[in-house]
Amino acid sequence: MKKIINGIKRYPFIIVLVIILLFFTPFALFSPGESRRRAIVIAIGLDKLEEEYEISFLTFIPKPNQEFEQSNSVVSGKGSSVSEAILDAQLTLGKDIGLSHAKTTVVNEKMLEEDVSSSLDYLSRVISLPENTVFVCTNTSAKQLLMATDSLEKNLGLKLDQLISYNANDVYITDTSLEAFYKGYYSPHKSSIIGFIEHVKEESSGGGQSQGSSGSQEAQSGGQSGGEQAGSSNAGSSGGGSAVASSSGQETSEAGGEQSEKQRGSLQGQSEILNKADAILLREGKKVAKLDVDNLNSINLLSEKHSLDSITVENVKCECGKTVDMTFLLKNKQVAIQTDFQNGVPLFIANVSIGVQLTEIDTKGQEIKQNAQSTKISDEIASKLEMKIRSEFAQMLKILRDCKADVMNVYANFFKNDRKKFENFLSSLDDREDYLNHITFMLNMKIRQDG
Amino acid sequence: MKTISARQTGIIVFLTILANKILVLPSILYKNSKADSIFVMLALFFIEFLILLVFLKLKKNYPNQTFLSILQKKLGKIIAKTIIFVFLVFFLFKTMLTYSVLFVYLKDLVYQDEFGFLALICLIPVINHATIIGLRSMSRTFEMFYYLVVVGIVFCLAIAFFTDISTPILFVSPVSSLFASAWQGLFAFGDYLVLFIFIDRITIKKGEAKKVMLFALVGVIFVLAIFTIFYSKYQLTSFMHNNALADLLVFSVQFNAIGRLDIIAMLTIMTLGLFQLEIFLTAFCDCFVMVFSKLSIKYATAVFDILFLVIYLVLIAKYEVMISLATSILPYLAIVASYLLPILFYALSFKHKREVKDEENH
């Protein structure tokens, strides 16, 4: 005993350690789990009602189950400011809000009529909210989208942020996170792109009997929608593909039938998420245009990363001499951007070399015996392809010029390459922000066959 | 006397170089001088290297003497103790700033609730203990964790390259902004000064000075890499991000599926913060013992705890106040401690011929 006491005397920090252990161990043992005190938010929805904000949280509810299903719920709160709305939601939930795992922030389209950054101010100040939170807009209300998202996950096993990440990586190319929005917002051109997810709500007639019939209809449409979703990955340029999930739930006819049986009692209407990979063009935080997949593909023409684009050329003569429609996949793009000034006029020169691969021939009912892989791309086909790409690029450029929105890094390229001349050019303009209209764009294209 | 090797000295230099520069400083400097802050950092690091050379020269000429005795011999007791007292105040505020930045980082990203009491009860006894057991044991611990810290930083930097980055736009700020930035960042520098305090406990054999320089160079490269990648990644929104090293990991949609990668940054920053606090507290306590020679290191730690609690918790109380102090008033202290005094030390590093003769005779 004496030895122990002497040992403790020699190392008094053992006493400190024991005191700390004695103090904190009971707290650690008897305090409730963190999830009881804090709600784990995985998506945030923000709606502006007439005079107040409504914030909705898609929260993850940790509970043991044997189905490997994640159970979520949507909780919302209202207030004259976003922070008040959050407090209201906390009261409703009976828990603190933890935003560290929030990966999606949704606002409704109406909010984009005004500068949305003022509504997002609270979120930009919350340090616990990750910067890579995907920023999305929806046509109805953010709350409804979050509710439909829950079923998207249940039925298709697809999380909203996964869907958006797919769009961001393969369609938008430019980052569509909250951080990227702010980057664009604070840039000289004040423009950015955010994702758009369409939410369709069809009111059913309500009541038990009619719900039953709607359930069976849903089951049928579910089969179709599943097919559409599967096809959407290759339908980049056509814009026809859409990932559809109904909150009544359907992936296949059978599964959909079961799901709708389960949820029949709880849902008043049918609600669907339509992902057409559209995007919203923002300037000074306000919506200035809605971009479809073709517009996005044209913007991404100048990005080497982008490969999800296919183009159909109509009425071209194939090697056998017959007139057909041909669809090509654009791949292995090489892009070199140059900037120059000729007589004080800025030139934005894009040298694009595109590899194309023939993927489909629409024979229009004619009998053609031709191997698609060995088909050579004639000068006529190459010229028509080029024309089509150019015309789509011109259309997109017109939108950007009209909106004074530079999402192709034109400003940054000129600023990096020829800062002084560009500054002089800008100061010579009546409206400095209208520089896109005064820049000449040159698109030098080279189309090559890629196996 | 228990001394530390050149390698351990180098690791201390490496750790202190990273102090207060890898979290909030890039964001503070960006407000004034945008991405040109990298040039400000380069200039300040260049001066730091000169100070390191002054130290090495002083060490070469006075290999076994304490810092106080060198000063006393040349300048007299009162001036020597006054200089040490300036260092004492300098390291007290350095510790406070390091604690403040670390505390806010942990509060924001790990704990989220107020946990001031918890942080104090965890950190203060540990850093007190490290100071009391001595520089040698502390340095051994640093040696053990050195590669862990290096891997953590390299990981954060490497992950940043997997996301979209573009070269930062340079040469956009006027010279006045660069000076304003340099002024704001001044108190985050002056890290090598701890070496002057520990001078008698450092053993640098012939040819080992390069080793110390190499560690310093690695530290500088890391800080500059963090600044460059941070500005490349965030560009115009750099002013919004207060935790540079941690934020390098999080801004990427591609990594959303992986989860919270920033836990790597958290562990690295926590380890770094703890070690830096230990070094600065040891420097403070050594200064205290030099000024009040009759008191032991234990009294020094007790005095630090009291001063820390009174000044930091009662008078400063807020992170914003601490940052504002560090960027407006404390640079005056930094000018004296980190620039004027090293010039004096440079003058002192030359031995008079009489001193050399005396030593030879002795």
Side-chain angles (χ1 to χ4, degrees), chain A residues 11-13 15-17 19-20 23-24 27 34 37-38 96-104 124-135 159 161-162 164-169 172-188 190 195 305 409 412-413 415-416 419, chain B residues 23-24 30 104-113 117-118 120-126 128-133 163-172 233-243 246-263 266 298 301:
Chain A
Y11 302 104
F13 274 88
I15 300 171
V16 177
L17 186 72
I19 290 170
I20 290 172
F23 189 79
F24 284 107
F27 278 107
E34 186 75 355
R37 214 170 53 81
R38 196 180 290 278
D96 285 345
I97 298 291
L99 298 177
S100 307
H101 297 269
K103 289 180 177 172
T104 315
S124 75
R125 289 173 195 275
V126 182
I127 294 166
S128 59
L129 181 69
E131 288 86 350
N132 51 0
T133 297
V134 178
F135 186 29
K159 289 178 184 170
D161 60 285
Q162 288 171 343
I164 301 292
S165 286
Y166 173 76
N167 287 352
N169 291 329
Y172 306 145
I173 302 300
T174 48
D175 206 336
T176 51
S177 63
L178 199 57
E179 177 65 34
F181 160 73
Y182 275 111
K183 261 188 184 175
Y185 183 79
Y186 287 116
S187 66
K190 300 166 189 170
K305 280 187 202 168
N409 295 325
N413 274 299
F415 198 76
K416 272 184 188 168
R419 194 178 300 182
Chain B
L23 289 177
V24 72
Y30 188 86
V104 169
Y105 169 73
L106 293 176
K107 189 167 85 74
D108 286 339
L109 284 150
V110 185
Y111 292 93
Q112 294 178 15
D113 299 318
F117 173 67
L118 186 71
L120 281 176
I121 208 166
C122 290
L123 274 174
I124 297 290
V126 175
N128 281 356
H129 180 248
T131 304
I132 290 167
I133 60 165
T163 59
D164 288 337
I165 55 169
S166 56
T167 47
I169 298 173
L170 301 169
F171 306 109
V172 286
K233 203 169 174 60
Y234 288 99
Q235 298 163 14
L236 296 158
T237 53
S238 299
F239 72 94
M240 291 166 77
H241 302 278
N242 287 341
N243 303 309
D247 286 345
L248 287 182
L249 283 176
V250 287
F251 170 42
S252 163
V253 176
Q254 288 93 325
F255 294 122
N256 258 352
I258 299 175
R260 294 198 66 178
L261 265 181
D262 53 339
I263 196 135
M266 278 177 205
K298 283 183 186 171
T301 51

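Naming convention: chains lettered A, B, ... in sequence-line order (proteins, then strands); numbering from 1 in each chain. Being a predicted model, the structure only gives us computed values, none of them experimental.
Contact of A:F415 with chain B is made through the side chain alone, with heavy-atom distances under 4.5 Å. Neither the backbone nor the side chain of B:Y105 comes within less than 4.5 Å of any heavy atom in chain A. Residue B:S238: no heavy atom, backbone or side chain, is found under 4.5 Å from chain A. Residue A:R125: no heavy atom, backbone or side chain, is found under 4.5 Å from chain B.
Note that the OG1 atom of B:T167 and the NZ atom of A:K416 stand 3.5 Å from one another [nearest 0.5 Å].
If you tally non-hydrogen atom pairs under 4.5 Å between each of B:N242, B:L170, B:I133 and chain A, the highest count goes to B:L170.
A:I19 is linked by a side-chain contact (heavy atoms from CB on, under 4.5 Å) to A:I15, counting only residues two or more places apart in sequence or in another chain. Remark: B:T237 engages A:E179, A:Y182, A:K183, A:Y186, B:Y234, B:M240, B:H241 in a side-chain contact (heavy atoms from CB on, under 4.5 Å) (not counting sequence neighbours).
When all heavy atoms of A:S187 and B:L236 are compared, the pair lying nearest together is CA-CD1, 3.2 Å.
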